[in-house]
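One-based numbering along the sequence shown. All ligand and atom numbering here is 1-based and tracks the order in the structure. On a predicted model such as this, the values are computed, not experimentally measured, just so you know.
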Amino acid sequence: MIEARNITRFFSVVNDDRTADGVTAVLSVSLGIPDGKFVSLVGPTGCGKSTFLEILAGLQAPTEGDVWIDGRRVLEPLPASRKEMDAYRRKYRFLSPIANSLFRDSPKHDIAMIFQDYAVFPWMTALQNVAFTLKLRGVPRRQREDLARRYLARVGLAGSETKYPAQLSGGMRQRLAIARALSVEPKIILMDEPFAAVDAQTREKLQEELMDLWGGTGRTVVLVTHDIDEAVYLSDEIVVFSPQPGTIRNRIPVDVPRPRRRDDPELSALRERILAIYRQDAEHLADWSI
Ligand SMILES: Nc1ncnc2c1ncn2[C@@H]1O[C@H](COP(=O)(O)OP(=O)(O)O)[C@@H](O)[C@H]1O
Ligand SMILES: [Mg+2]
């Protein structure tokens, strides 16, 4: 269970004329995401989706509020390697016994994040990319290669193991990033516009693959997207953010059984509903600026 409680994120900024200014990217967002759910966050550009997702991952700290995952507070970037884990433990060893007991076996390596710009190492082959991630997570050497090959095959990259990212197409690179994230078998997968940079046809294929990989694993997925069709097709629930400052505008359950059809009229109706919310917000903003 992911629980975000009253998350606010404020940025201090300096204007070009050197006057101080501020942006409230996310305002008082509370959201609970039960295990195994596929939840999408949608909303206009700049409404704080990425900021909120990074706060969930512990990649940035909220100005106010806190995030809890399975009853444990997310304090900062979760350690990704044994070395980082040791440093983390050392850092918190002077806390009270109670606080220590909260950290003792935590945090587990159970979050993986997938970004839009396929974060893969260009100097490593596909196989090395996945195996290296497994190494960072402490998987013994003997198992790494097998596991890496298995996950590459699952995302349709069997036969491309020895290729470098530059030799792969955009869609294949994103598959590699997905294989890398999934290979560590995280309980929670956070994705920030993962398919935004690939062409429409590849995007649909990757969406199908994601559904196949996710189905029945009990993993939680939080997907940030500005593609409403994608959100409607994939999710159990859609959280609609309002324009700046980002607040939760609406939560829309998608109770359509899987496998779904893209042209399902129920899905189109939901899409229209979300678009209507966007339009309403845009008009509201226009009224304000008069
Ligand atoms: N590091 C930062 N410094 C200042 N402003 C930021 C920073 N990160 C994000 N913002 C601002 O916060 C708002 C939300 O950004 P973001 O979370 O990237 O939105 P989204 O992902 O929904 O497009 C934007 O107005 C953006 O300019
Ligand atoms: Mg973003």
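Atom 23 (O) of ligand 1 has as its closest protein heavy atom G46 N, 2.7 Å. At the top of the distance list for atom 9 (C) of ligand 1, counting protein heavy atoms only, stands F11 CE1, 3.5 Å. For atom 25 (O) of ligand 1, the closest non-hydrogen atom of the protein is Q244 NE2, 2.5 Å. Distance from atom 12 (O) of ligand 1 to its nearest protein heavy atom, with residue and atom name: A25 CB, 3.3 Å. In terms of protein heavy-atom proximity, atom 19 (O) of ligand 1 is nearest to G48 N, 3.2 Å. Among all non-hydrogen protein atoms, the one lying nearest atom 21 (O) of ligand 1 is S50 OG, 2.8 Å.
Using a 4.0 Å threshold on non-hydrogen atoms, atom 27 (O) of ligand 1 does not count as touching the protein.
Heavy-atom minimum distance, V184 versus A181: CG2-O, 3.2 Å.
For T45, every N, O or S atom stays at 2.8 Å or more from the Mg ion (ligand 2).
Checked options Q201, M211, E230, R175; the residue passing with L206 is R175 (criterion: side-chain contact (heavy atoms from CB on, under 4.5 Å)).
Cation-pi check for R262 over Y233 is met; the charged atom lies under 6.0 angstrom from the ring centroid and within 45 degrees of its normal.
Under a 3.5 Å cut-off, the side chain of S183 and the backbone N or O of R180 do form a donor-acceptor pair. Judged by distance alone, the side chain of D35 and the main-chain N or O of M1 form a donor-acceptor pair under 3.5 Å. Of the possible polar contacts, none joining the R5 side chain to the G65 backbone as a donor-acceptor pair under 3.5 Å is found. At distances below 3.5 Å, not a single donor-acceptor pair connects side-chain atoms of W214 with backbone N or O atoms of F38.
Of the candidates T51, D192, V224, T51 brings a heavy atom nearest to atom 17 (O) of ligand 1. Taking each of E54, Q60, K49 in turn, the one with a heavy atom nearest to atom 22 (O) of ligand 1 proves to be K49.
In this model, no donor atom of one side chain and acceptor atom of the other lie less than 3.5 Å apart for S242 and D281.
Listed by number with element, the atoms of ligand 1 under 4.0 angstrom from any heavy atom of V13 are 4 (C). For ligand 1, the atoms closer than 4.0 angstrom to any heavy atom of T45 are 23 (O).
At a 3.5 angstrom cut-off on N or O pairs, C47 counts as close to ligand 1.
Taking a 6.0 Å sphere around CG of D16, one finds it holds 12 or fewer heavy atoms contributed by other residues, nucleotides or ligands.
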